[in-house]
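Any value given below was found using the heavy atoms of this structure, including those in side chains, with hydrogens, waters and symmetry copies removed. Residue indices begin at 1 and follow the sequence shown.
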Amino acid sequence: MALNNTYDARPQQETAVGAGLQVLLLALLGTAIGMGPAGWLTGLAFAFATWAVLARALHRSCLRSFGPANRVTLGRATLVGGVTALVADSFESAPPVTVLVGLTAMALLLDGVDGKVARRTGTSTALGARFDMEVDAFLILVLSVYVATQLGPWVLLIGGMRYAFVAAARLAPWLNAPLPPCFARKTVAAVQGIALLLAGAELLPRPANLAIVGLALGSLLWSFGRDVLWLWRTSRVPAEAPAGAELLELAVR
């Protein structure tokens with residue numbers, strides 16, 4: 001039993017290492033740009049929250065190995081923590097756009113790496129998929145907050161839509177049903193980060209940034225709307241009691 005407890009503790013230790021790396025990144029940013037109290041406090045809060053939530057999830061899932069894919073995602077979470085700290089600091093002083101864009105770009109580039117690593121190493125888990133999704137969602141939320149200060153509060157719809165969907169699912173449990181894999185959904189999700197990154201970099205004129213972010217929001221509304229409609233239609237299937245073949249046909253659609 002003692003050996004099992006020691007072995008099971010390894011994933012928890014890796015989450016602690018991740019929190020330590022987050023603090024190290026904050027220290028580097030603080031030294032390089034003179035980050036203020038808001039950035040420090042927000043970055044430390046992110047590090048603690050990530051460690052606490054991930055440690056609890058690992059304990060409940062009883063994983064015996066953190067896995068290479070989750071290590072990549074944890075690295076992305078560290079970068080997202082840096083972006084979060086910079087965005088919080090931007091309310092007190094203008095952040096170095098180059099550093100903000102660089103951290104964001106690295107986090108976005110690594111987005112598809114953890115999934116590929118999980119598939120190639122045969123270490124795909126429900127926890128890993130959820131961890132990856134939450135890191136993506138939070139990065140989009142933070143970027144939308146930053147870009148909203150430039151283009152207007154309507155940009156917050158991009159970052160808040162996924163959390164609004166989760167909140168709505170508490171009132172309408174049929175929204176919790178699993179969705180079939182969809183390349184379009186993944187593409188739309190990736191577009192949000194790229195569009196917000198371009199707008200945040202301020203390389204283009206304001207009208208161009210407005211158009212880019214507006215199109216990204218439009219595609220996100222379409223994607224969520226299509227998924228909600230599919231879930232609603234699927235939730236009505238048991239009441240209509242179609243044959244098994246008809247159920248399969250509906251799922252494919």
- [ ] Give the cluster check for Leu217 versus Val155: same hydrophobic cluster or not, with ILVMFWY residues linked at side-chain heavy-atom distances below 4.5 Å.
- [x] yes
TODO: Write down the atom of Pro68, the atom of Val117, and the distance for their closest heavy-atom approach.
DONE: CB-CG1, 3.8 Å
Task: Check: Asp89 side chain, Met35 main-chain N or O, donor-acceptor pair, under 3.5 Å - done: no
TODO: Just jot down the side chain to side chain donor-acceptor pair (under 3.5 Å) partners of Ser219, sequence neighbours excluded, or say none.
DONE: Gln192
Task: Leu86 reachable from Leu198 in the ILVMFWY side-chain graph, under 4.5 Å edges - done: no
TODO: Hey, could you give me the OG1/CD distance between Thr50 and Glu134, rounded to the nearest 0.5 Å?
DONE: 10.5 Å
Open item on the list: Please list all pairs meeting ring-ring contact (aromatic ring centres under 6.0 Å, His included) that have one or both residues in residues 186-225, counting only residues at least two apart or in different chains.
Closed with: Phe165-Phe224
Open item on the list: Could you check whether any side-chain N or O of Asn209 sits under 3.5 Å from a backbone N or O of Leu204, counting only pairs where one atom can act as donor and the other as acceptor?
Closed with: yes
Task: Check: Ser144 side chain, Leu141 main-chain N or O, donor-acceptor pair, under 3.5 Å - done: yes
- [ ] Keeping to residues at least two apart or across chains, list the salt bridge (charged side-chain N to carboxylate O under 4.0 Å, His left out) pairs with something in residues 211-224.
- [x] none
Task: Minimal non-hydrogen separation, Tyr146 against Ser90, with atom names - done: CD1-OG, 4.0 Å
- [ ] Could you pull out all residues at least two apart from Arg226 that satisfy salt bridge (Lys or Arg N to Asp or Glu O under 4.0 Å)?
- [x] none
Task: Distance (rounded to the nearest 0.5 Å) between Leu79 CG and Leu25 CG - done: 7.0 Å
- [ ] Report the distance from atom CZ of Arg76 to atom CG of Leu74, rounding to the nearest 0.5 Å.
- [x] 11.0 Å
Task: Cluster check Leu215, Ile194: I/L/V/M/F/W/Y, side chain < 4.5 angstrom - done: no
- [ ] Considering non-hydrogen atoms only, spot the tightest contact between Leu44 and Leu26 and give its length.
- [x] N-CD1, 3.6 Å
Task: Close side-chain approach of Leu139 and Asp111, heavy atoms under 4.5 Å - done: no
Task: Transitive ILVMFWY side-chain link Leu103 to Val113, under 4.5 Å - done: yes
Open item on the list: Checking the side chain of Gln22 only, and the main-chain atoms of Ala47 only, is there a donor and an acceptor separated by less than 3.5 Å?
Closed with: no
TODO: Report yes if some heavy atom in the side chain of Arg130 is under 4.5 Å from a heavy atom in the side chain of Thr125; otherwise report no.
DONE: no
Open item on the list: Please report the interatomic distance CD1(Ile140) to CG(Leu108), rounded to the nearest 0.5 Å.
Closed with: 6.5 Å
TODO: Mark yes or no for whether Arg185, through its side chain, and Pro180, through its backbone, hold a donor-acceptor pair below 3.5 Å.
DONE: yes
Open item on the list: A side-chain contact here means heavy atoms from C-beta on lying under 4.5 Å apart; do Asp227 and Leu175 qualify?
Closed with: no
Task: Non-hydrogen atoms of Ala199 and Leu151 that approach each other most closely - done: CB-CD1, 4.3 Å
Open item on the list: So which atom in Val228 and which in Trp174 form the shortest heavy-atom distance, rounded to 0.1 Å?
Closed with: O-CZ3, 3.7 Å
Open item on the list: How long is the straight-line distance from CZ of Phe138 back to CE of Met133, given to the nearest 0.5 Å?
Closed with: 15.0 Å
Task: Connected-component partners of Phe48 among ILVMFWY, side-chain separation under 4.5 Å - done: Trp51
TODO: Just jot down the salt bridge (Lys or Arg N to Asp or Glu O under 4.0 Å) partners of Arg71, sequence neighbours excluded, or say none.
DONE: Glu14
Open item on the list: Nearest 0.5 angstrom please: Asn70 CG to Leu127 CG, how far?
Closed with: 6.0 Å
Open item on the list: Please give me the minimum heavy-atom distance between Glu92 and Ala38, naming the atom from each residue.
Closed with: OE2-CB, 3.5 Å
Task: Side-chain heavy-atom pair Phe131, Val135 within 4.5 angstrom cut-off - done: yes
TODO: Spell out, as yes or no, whether a donor-acceptor pair under 3.5 Å connects the side chain of Arg206 to the backbone of Gln150.
DONE: yes
TODO: Could you tell me whether Arg162 and Asp136 have a side-chain N and a carboxylate O separated by less than 4.0 Å?
DONE: no
- [ ] Determine, using the 4.5 Å side-chain heavy-atom cutoff (strictly less than), whether Trp154 and Val142 are members of one ILVMFWY cluster.
- [x] yes
